[in-house]
Amino acid sequence: SMEECEALCTRMAIMVNGRFRCLGSVQHLKNRFGDGYTVVVRVGGPGPELVESLMLRRFPGIVLKERHGGLLQFQLPSRAGSLASVFSVLAAHRGPCHIEDYSVSQTTLDQVFVHFAREQSDEDPGGAAAPGQDVAPSPGKRLTSFLEDDSYQETTV
């Protein structure tokens with residue numbers, strides 16, 4: 001359960017295809033691998049077209065993920081705008097666009113795992129090794145070259 005992980009874990013590790021991909025706090029994983037923010041807007045009145053065009057015009061890169069009646073859900077990349085600008089735009093257009101309410105939330109831990117799950121495959125990640133034969137890395141060779149954060153040190157056992 002992702003809710004349990006967020007409540008109980010101080011550090012998490014994610015493996016994809018048997019390879020260690022990341023290690024860090026829940027907030028670190030969300031910041032580094034998250035897709036920005038989720039903006040949900042509930043619109044009353046004539047229709048959500050005004051809000052949709054407003055959001056697409058004011059925040060380049062925003063994507064409309066779902067539309068159900070008067071409920072719009074957008075995915076806003078963090079580079080597309082600040083939280084302050086999102087709240088100010090929605091508050092300023094609340095009356096003219098018939099916005100009933102809105103919420104802005106950070107990427108969930110579920111969405112981070114889905115990001116990594118897209119990379120999952122059924123192929124053998126380490127190449128062809130003879131059955132029953134363990135493949136050990138050579139001493140001094142980094143196990144994972146993809147870690148860019150030097151605050152975490154790798155060790156081989």
Side-chain angles (χ1 to χ4, degrees), residues 1-127 142-154:
S1 167
M2 294 299 112
E3 290 83 17
E4 283 181 356
C5 290
E6 288 193 63
L8 301 175
C9 299
T10 56
R11 291 175 77 183
M12 295 181 57
I14 298 176
M15 292 182 73
V16 177
N17 288 333
R19 296 194 65 195
F20 179 79
R21 293 299 312 265
C22 62
L23 171 70
S25 68
V26 172
Q27 189 61 49
H28 172 76
L29 297 180
K30 286 180 179 183
N31 289 341
R32 185 159 179 194
F33 301 106
D35 295 332
Y37 302 99
T38 300
V39 181
V40 178
V41 183
R42 190 169 48 141
V43 182
E49 291 81 18
L50 286 173
V51 174
E52 185 178 343
S53 65
L54 170 74
M55 296 298 281
L56 293 172
R57 186 176 68 248
R58 294 296 296 266
F59 302 103
I62 196 167
V63 177
L64 179 64
K65 289 290 194 178
E66 292 183 32
R67 177 191 226 178
H68 299 286
L71 190 68
L72 301 171
Q73 180 178 344
F74 297 94
Q75 186 66 37
L76 178 68
S78 32
R79 70 187 180 314
S82 68
L83 285 178
S85 63
V86 173
F87 282 110
S88 65
V89 166
L90 290 172
H93 293 86
R94 192 173 186 134
C97 292
H98 306 284
I99 297 173
E100 293 179 3
D101 59 39
Y102 53 89
S103 69
V104 180
S105 59
Q106 189 178 30
T107 302
T108 64
L109 195 54
D110 287 324
Q111 290 168 319
V112 171
F113 275 90
V114 166
H115 166 80
F116 283 105
R118 287 188 202 122
E119 299 176 19
Q120 184 74 33
S121 70
D122 294 330
E123 297 174 8
D124 182 15
R142 288 182 59 98
L143 290 176
T144 52
S145 61
F146 54 83
L147 283 178
E148 298 169 4
D149 190 351
D150 292 330
S151 64
Y152 297 112
Q153 298 295 320
E154 291 183 298

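Residue numbers count from 1 along this sequence.
- Legend: residues meeting side-chain contact (heavy atoms from CB on, under 4.5 Å) with R79, ordered by chain and number and at least two apart, are P77.
- Looking at L50 and P96, their side chains never come closer than 4.5 Å, going by heavy atoms from C-beta outward.
- In this structure the side chain of L90 reaches within 4.5 angstrom of the side chain of M55, judged on heavy atoms.
- Summarising the geometry, atom OG belonging to S25 is positioned 11.0 Å from atom CD belonging to E6; distances are rounded to the nearest 0.5 Å.
- No side-chain heavy atom of V39 sits under 4.5 Å from any side-chain heavy atom of Y102.
- Atom-to-atom distance recorded for R42:CZ and E100:CD is 5.0 Å, nearest 0.5 angstrom.
- If you take CG on D101 and CZ on R94, they are separated by 6.5 Å, rounding to the nearest 0.5 Å.
- Contact between L23 and A13 at its shortest, heavy atoms only, is CD1-CB, 4.1 Å.
- Residue pairs meeting the salt bridge (Lys or Arg N to Asp or Glu O under 4.0 Å) criterion with at least one member in residues 66-76, sequence neighbours excluded, are E49-R67, E52-R67.
- A donor-acceptor pair under 3.5 Å is formed between the side chain of Q111 and the backbone N or O of T108.
- Between L29 and V112 the shortest heavy-atom distance is O-CG2, 4.0 Å.
- L109 and C5 get closest at one heavy-atom pair: CD2-CB, 4.0 Å.
- In this structure, the separation between SG on C9 and CD on E4 is 8.5 Å, given to the nearest 0.5 Å.
- For the pair P60 and A80, the tightest heavy-atom approach, listed with the atom from each and the gap, is O-CB, 3.2 Å.
- With rounding to the nearest 0.5 Å, the separation of CZ in F116 from CZ in R21 is 5.5 Å.
- Here ring-ring contact (aromatic ring centres under 6.0 Å, His included) pairs that include residues 59-98, with residues two or more places apart or in two chains, number zero.
- Considering every non-hydrogen atom in both T38 and Q73, the closest pair reads CG2-NE2, 3.4 Å.
- Closest approach of V43 to C97, counting heavy atoms only: CG1-O, 3.5 Å.
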